[in-house]
Trainee: 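Starting off with a structure, shown below.
Note that the structure is a prediction, hence the values are computed from the model and not measured. Each chain gets a letter, A, B and so on, in the order its sequence line appears, and its residues count up from 1.
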2 protein chains.
Amino acid sequence: MVLYKYSEELAGSALPLSNNLYSMLQRDILTNKLKEGEKLTEQRLCDEYEVSRTPVREALRQLEINGLVENIPNRGSFVVGMSEQDVKDIFDLRKINEVQAVRWAIQRITEEEMTALEETFEFMEFYTMKNDIKKMININRGFHQIISTACHNRMLEHMIDSYQMYTRYVGEEKPKPDDYLQVLLEEHRRIFQAFTEKDEEAGAKAMEEHIANCKLRQCGE
Amino acid sequence: MVLYKYSEELAGSALPLSNNLYSMLQRDILTNKLKEGEKLTEQRLCDEYEVSRTPVREALRQLEINGLVENIPNRGSFVVGMSEQDVKDIFDLRKINEVQAVRWAIQRITEEEMTALEETFEFMEFYTMKNDIKKMININRGFHQIISTACHNRMLEHMIDSYQMYTRYVGEEKPKPDDYLQVLLEEHRRIFQAFTEKDEEAGAKAMEEHIANCKLRQCGE
DNA sequence: GATTGTATAATTGTATACGAAAATAAAATT
DNA sequence: AATTTTATTTTCGTATACAATTATACAATC
């Protein structure tokens, strides 16, 4: 079942998530194709994305909820976007919440979830060996996804899932050092090991360092 | 300016936020008027809320983002709703994040924000004296709002603001003990005092206990 | 009787139409 | 020339229309 999931992505194109208008606009804002402060005229989006106003408006309202767009009544929608500071701040946020998630997950993980986590980690080892960064990025998401599910706090899971997207495209085309995947793998190994040993403190520490490192790698300094 | 804000609410009706369709549906899901699993046919919502399908669809898509509604393509929208466990979980989430917010806020609060916080706290004292629960609930929101702003982490502020709504209607018509406002005021006094003394640890502790108490008061046990 | 196939109705997804508000351009006034 | 006023255009907010999909009802078959 987990195997199926990754082989599906493996078979499919490089593009991970659905390409509905909402995701596309999200991507284009986060990758700065649509710039901070820019006005998003509905008709313009209709033309550029080749859809009618109804789906455009629906997407804009969704973007408004997660703060990527600001809507001023009767005046229009404006890109809010994310500053470099915002991105750093989100890594700090993710750190707090995902550290807590690991703690709860280690306490509450089911056998089935543990199997999935194990399988996923093995995939990570495999694709590190193959040096396939693209696959690793997808599997990495899966790894964290399993943890956020395993903490059995539906709202924390929801929060982690929705905040993950803000940092999704950060440092995407930044050149990676040769040992990038090895380092990433070792960070995940420490997290995974904390699960096998049911060591909450070790898990919390490993996750905290992992996200701190992600922040360093992707934001620099 | 802060004064204006509250006097505006004072003059206005009891209903705090805007009564657009999104807020109304949100309220009706969270107060269980629309029940878990219930299908939300667009036409039915048009009839019941007396609007056309366009705003209905926009609202449904927004509710989907914050997880109150699930949308299955070509089949429709279904109420997800919140279990009692979810509500408890959210208080735990809020605890983690608002404790962190207090820490950062104590470090980073501006003079202007400090003045606003002071003013707000004085309003709390005033309405506790007047024993006006409705006003206190609004001002309470304002108090926490100022803190989430003062932490100067735009994304944490956004998170706190959006998660606040999940517990907004919880225990609303539950009878309150006689000393309810006094107790609430004292909890806030401890938080406020931590700000005046710039004591991060005291602030964190006060906020943690405050939210734990909110959970106790509103969820019981 | 249960199951499959077909016709009908209901519902969603998208496009378009129209009134209202705002932005812009042009004309009139100081 | 600068400012105000008016007219025009653009854009938003909402309603409605139509095609595509799904659900339902009913008949036919096993």
Trainee: By side chain to side chain donor-acceptor pair (under 3.5 Å), which residues pair with A:Gln43, not counting sequence neighbours?
Mentor: A:Asp47
Trainee: Going by the rule salt bridge (charged side-chain N to carboxylate O under 4.0 Å, His left out), which residues pair with B:Lys130 if we only count those two or more places apart in sequence or in a different chain?
Mentor: none
Trainee: Using a heavy-atom cut-off of under 4.0 Å over every strand shown, decide if B:Arg44 touches base, sugar-phosphate, or nothing.
Mentor: nothing
Trainee: For B:Thr167, give me all partners under side chain to side chain contact (heavy atoms under 4.5 Å, CB included), at least two apart in sequence or on another chain.
Mentor: B:Val87, B:Ile90, B:Phe91, B:Arg94, B:Val170
Trainee: On the 0 to 90° scale, with breaks at 30° and 60°, tag the B:His144-B:His188 ring pair as parallel, tilted or perpendicular.
Mentor: perpendicular
Trainee: Mind checking what makes side chain to side chain contact (heavy atoms under 4.5 Å, CB included) contact with B:Asn71, not counting sequence neighbours?
Mentor: B:Arg61, B:Glu64, B:Ser77
Trainee: Round to a whole Å and report the spacing from CD of B:Glu42 to P of D:dT16.
Mentor: 15 Å
Trainee: Does D:dA20 have OP1 or OP2 sitting under 4.0 Å from an N or O in the side chain of B:Arg75?
Mentor: no
Trainee: My understanding is that only residues two or more places apart in sequence, or in another chain, count here; which of them pass side chain to side chain contact (heavy atoms under 4.5 Å, CB included) with A:Met129?
Mentor: A:Phe126
Trainee: Is a donor from one side chain sitting under 3.5 angstrom from an acceptor on the other, for A:Glu113 and A:Thr110?
Mentor: yes
Trainee: Is there a residue in residues 45-57 of chain B whose heavy atoms reach under 4.0 Å of DNA chain C, and which residues are they?
Mentor: B:Arg53, B:Arg57
Trainee: Side chains of A:Asn97 and B:Asn97 only: does a donor on one sit below 3.5 Å from an acceptor on the other?
Mentor: yes
Trainee: I'd like to know if A:Arg44 pairs up with A:Glu48 as an ion pair, taking the criterion as any Lys NZ or Arg NE/NH1/NH2 lying under 4.0 Å from an Asp or Glu carboxylate oxygen.
Mentor: yes
Trainee: Using five pairs at either end of the helix from C:dG1-D:dC30 to C:dT30-D:dA1, determine the angle between the two local helix axes and round it to 10 degrees.
Mentor: 10°
Trainee: If you walk 5' to 3' along DNA chain C, what is the first nucleotide with an atom under 4.0 Å of a heavy atom in chain A, and what is the last?
Mentor: C:dT14 to C:dA23
Trainee: Is there a residue in residues 63-73 of chain A whose heavy atoms reach under 4.0 Å of DNA chain D, and which residues are they?
Mentor: A:Pro73
Trainee: I need the full list of salt bridge (charged side-chain N to carboxylate O under 4.0 Å, His left out) pairs touching residues 66-83 of chain B, with sequence neighbours left out, sorted by first then second residue.
Mentor: none
Trainee: Between B:Tyr166 and B:Asn66, is there a donor-acceptor pair closer than 3.5 Å when you use the side chain of the first and the backbone of the second?
Mentor: yes
Trainee: Output the rounded distance in Å from CG (A:Asn74) to P (D:dT14).
Mentor: 8 Å
Trainee: List the residues meeting ring-ring contact (aromatic ring centres under 6.0 Å, His included) with A:Tyr169, not counting sequence neighbours, and say none if there are none.
Mentor: none
Trainee: Just jot down the side chain to side chain contact (heavy atoms under 4.5 Å, CB included) partners of A:Ile137, sequence neighbours excluded, or say none.
Mentor: A:Ile133, A:Arg141
